[in-house]
Amino acid sequence: MAYWLMKSEPDEVSIDDVLAAPEQTVAWFGVRNYQARNFMRDGMRVGDLALFYHSSCAEPGVAGIVEVCSAAYPDASQFDQASHYYDPKATLEQPRWISVDVRAVRKTALLSLKQLRTIPALADMRLLAKGSRLSVMPVDAHEWRTIEALLEK
DNA sequence: GCCAACGTTGGC
DNA sequence: GCCAACGTTGGC
């Protein structure tokens, strides 16, 4: 099993929104970066766990844990001309972008970016690297354990 | 709103 | 295939 971090703007989809959704499950759509897509397509498996990270907000940080609960499938929004995520170069025959479904495992007290930066064991975390912008990225097992221990406090 | 860092596009 | 220009992300 692999561990991930997935960024969401809480104004769009917050951890509370995931909890409020039917079966506490939402489609993770709108990824429009190839590296992030490839992680989802090639790395993610049903049952993988991910840190649910709130970005572009007053207090960015880890807000919960979600579980990947579907295989990758074409992201419907790429075909929707009315969508912000519409991609004119995507076709039904050759979709470019994918979604997975994620289910809320639990909401946590916010573990802020500021706090994460103070933890020596997380110094090499991809999220904390300068210029890191990926919306989906892997998390090392030891980083996961470190963060999970902090989330339980 | 600023801006650093990075990704993508397109002319050549 | 290079690389400048442009667009986006996301913290501050």
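Throughout, protein chains are lettered first and strands after them, A, B, ... in sequence-line order, and every chain is numbered starting at 1. Computed from a predicted model, the values in this text were never measured in an experiment.
- Rounded to an integer number of Å, the gap from CZ of Arg32(A) to C1' of dC6(B) is 19 Å.
- Residue Lys89(A) has its side chain nearest to dG10(B) when only dC12(C), dG10(B), dT8(B) are considered.
- For Tyr34(A), the side-chain atoms get nearest to dT8(B) when compared with the rest of dT8(B), dG10(C), dC12(C).
- Using a 4.0 Å heavy-atom cutoff across all strands shown, Gln35(A) reaches sugar-phosphate atoms only and no base atom.
- As a whole-Å value, the separation of Tyr53(A) OH from dG10(C) C1' is 8 Å.
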* So Ser112(A) and Gln115(A), side chain to side chain donor-acceptor pair (under 3.5 Å) or not? Walk me through it. -> CA-CA 5 Å; Ser112(A) 71; Gln115(A) 290 171 280; 3.2 Å; yes

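- In this structure, Arg117(A) places its CZ atom 8 Å from P of dG11(C), rounding to the nearest Å.
- Checking Ser14(A) against Asp17(A) by side-chain atom types alone, a donor-acceptor pair falls below 3.5 Å.
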* Apply salt bridge (Lys or Arg N to Asp or Glu O under 4.0 Å) to Asp75(A) and Arg32(A), showing your working. => CA-CA 10 Å; Asp75(A) 176 343; Arg32(A) 293 294 180 271; 3.1 Å; yes

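- Every residue two or more places apart in sequence or in another chain that forms a side-chain hydrogen bond (donor to acceptor under 3.5 Å, both in side chains) with Asp16(A) is listed here: Lys107(A).
- As a whole-Å value, the separation of Lys114(A) NZ from dG10(C) C1' is 16 Å.
- Taking atom CG on Leu5(A) and atom C1' on dG10(C), their separation rounds to 13 Å, with Å as the unit.
- A donor-acceptor contact under 3.5 Å links the side chain of Arg133(A) to the base of dT8(C).
- Using a 4.0 Å cut-off, no side-chain N or O of Lys130(A) falls inside it from OP1 or OP2 of dA4(B).
- Separating the CH2 atom of Trp97(A) from the C1' atom of dG7(B) is a distance of 10 Å, rounded to the nearest angstrom.
- Going from atom CG of Asn33(A) over to atom P of dA5(B) covers 18 Å, rounded to whole Å.
- When the P atom of dT8(B) is taken as reference, atom CG of Asn38(A) falls 10 Å away, rounded to whole Å.
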